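What you see is a predicted model, and the numbers here were worked out from it, not measured in a lab. In this chain, numbering begins with 1 at the start of the sequence shown.
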Amino acid sequence: MTHIEKPNNINKAQATASSEPEPLHNSSEDDLSDNSKIIGPGQILSDARKKAGLTQQEVASKLNFRLTLVNEIESELFNSNLPETYNRGYLRSYAKLVNVSQDDVLVSYEQLNITKAQVSKLQSFSKGTEKLAESNRIMWISYIILAILIGSTMMWWLQNNTEQAQTLAEDIEINTQSADGVNENQASDLSTVNIENVIKTIAEAPLATTAALEQQSSDIAPTAVNVDNSQVSEIDIIALENSPIVEEELTEVALTEVTFTFSGDCWVNISDSTGERIAWGVKKLGYVMTISGQVPFDVTLGRPELVAINFADEVIDMNQFNSGNIAKFTLPVTN
């Protein structure tokens, strides 16, 4: 059997490395970088296989491994899903085949795992720091946006309050002016009432002398709004006497009476010329209804054939309306 020379083991490599002066490092990343340069189990086994003159396929055949498994071991790609016992068993078998110390290979494997764990923690810490910095940036941006929103809301509120105060001041000023105008109008209305009282007195006593009328107006005016005797002159009294207001008061409104006699139940709706509703609703059989108001009357009958109408002592001919149909007409009836 051909003698296979052993490669330098890890202890010798570490002893040689310890004899050399170590450079100073200022960060944990440099330490991990130096540690990551240690000889791994895959490199030890690969060097021993090459010195033994074996190929990966021959190793796989002798150990009954898959060729990909041998390649993964030498590349130091261990399946983390497998229990550590399997990975250690593969390394022991491989080391025994190429005549390498199994303990050295397993120690190198342990150091490789420790180094990978430290690198993974450092990477996780670095990522966590980056995420924290990003979270801080997002938090500050959120604070700035919130401050802008609060400032905008305060400005809008202050502006609205200012506008409301201005509007309230304008309303108070308008109301004050309106109150002044109302006071003036009330004074003027009182003067008008006093003058109308004088006119009414004139209408009731047409034989009174002008001097007596002037005396009456002078007696009434001071009790209201200080109307001077000069304001009620003879010409003004004559003009007011001929005014429409006096004529309206002196004119008596003539009312006309209408009698409705019902020979059956009939619905009615009657209003006079002023628009006042005089009668409405259903009137029963035998009911006699008398109304009075200003002509013309607007009359609506549900069944005109059941109604007899006496308008100003004149009987209205109801045959002119269709039996069974609603009749709408005015009294007096116009053709």
Counting only heavy atoms not in [X], do more than 12 fall under 6.0 Å of its [atom1]?
X      : atom1 : answer
Met154 : CE    : no
Leu77  : CG    : yes
Glu314 : CD    : no

Closer than 3.5 angstrom, by distance alone: can the side chain of [X] be matched with the main-chain N or O of [Y] as a donor-acceptor pair?
X      : Y      : value
Ser61  : Gln57  : yes
Ser75  : Asn71  : yes
Thr300 : Lys328 : no
Thr290 : Glu257 : no
Asp298 : Thr330 : no

Contact check, side chains of [X] and [Y], non-hydrogen atoms, under 4.5 Å:
X      : Y      : value
Tyr94  : Val100 : no
Phe297 : Thr256 : yes
Lys283 : Val307 : no
Arg277 : Asn269 : yes
Leu301 : Ile309 : yes

Output every pair passing side-chain hydrogen bond (donor to acceptor under 3.5 Å, both in side chains) with a member in residues 133-151, not counting sequence neighbours, ordered by first then second residue.
->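 Pairs touching residues 133-151 that pass the test: none.
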
Would a single hydrophobic cluster contain both [Y] and [X], if residues Ile, Leu, Val, Met, Phe, Trp and Tyr are joined by side-chain heavy-atom contacts under 4.5 Å?
X      : Y      : answer
Ile270 : Trp267 : no
Phe260 : Val288 : no
Leu63  : Ile73  : yes
Leu106 : Tyr86  : yes

Minimum-distance pair of heavy atoms, taken over all atoms of [X] and [Y]:
X      : Y      : result
Gly293 : Ile278 : CA-CD1, 4.5 Å
Gln294 : Leu255 : CG-CD2, 3.9 Å
Gln43  : Glu76  : N-OE2, 3.5 Å
Pro304 : Asn325 : CD-O, 3.0 Å
Arg49  : Thr55  : NH1-CA, 3.6 Å
Lys284 : Phe262 : O-CB, 3.5 Å

Intermediate values then yes/no, ring pair (Phe, Tyr, Trp, His ring centres under 6.0 Å), Tyr109 and Phe78 | CA-CA 10 Å; Tyr109 174 71; Phe78 299 100; 5.0 Å; yes

So how far is it from [X] [atom1] to [Y] [atom2], rounded to the nearest 0.5 Å?
X      : Y      : atom1 : atom2 : value
Asp265 : Tyr287 : CG    : OH    : 13.0 Å
Arg303 : Met318 : CZ    : CE    : 12.5 Å
Lys96  : Leu91  : NZ    : CG    : 15.0 Å
Ile291 : Asp272 : CD1   : CG    : 8.5 Å

Mind checking whether Phe321 and Phe329 have ring centres under 6.0 Å apart?
-> yes

Assess the side chains of Ser101 and Asp103: does a donor N or O sit below 3.5 Å from an acceptor N or O?
-> no

Of Leu331, Val258, Val333, which meets side-chain contact (heavy atoms from CB on, under 4.5 Å) against Val299?
->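 Option passing the side-chain contact (heavy atoms from CB on, under 4.5 Å) with Val299: Leu331.
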
Donor-acceptor pairs are to be reported for all side-chain atoms of residues 156-166 against protein atoms at under 3.5 Å, with residues two or more places apart or in another chain.
residue : atom : partner : partner atom : Å
Thr162  : OG1  : Leu158  : O            : 2.8

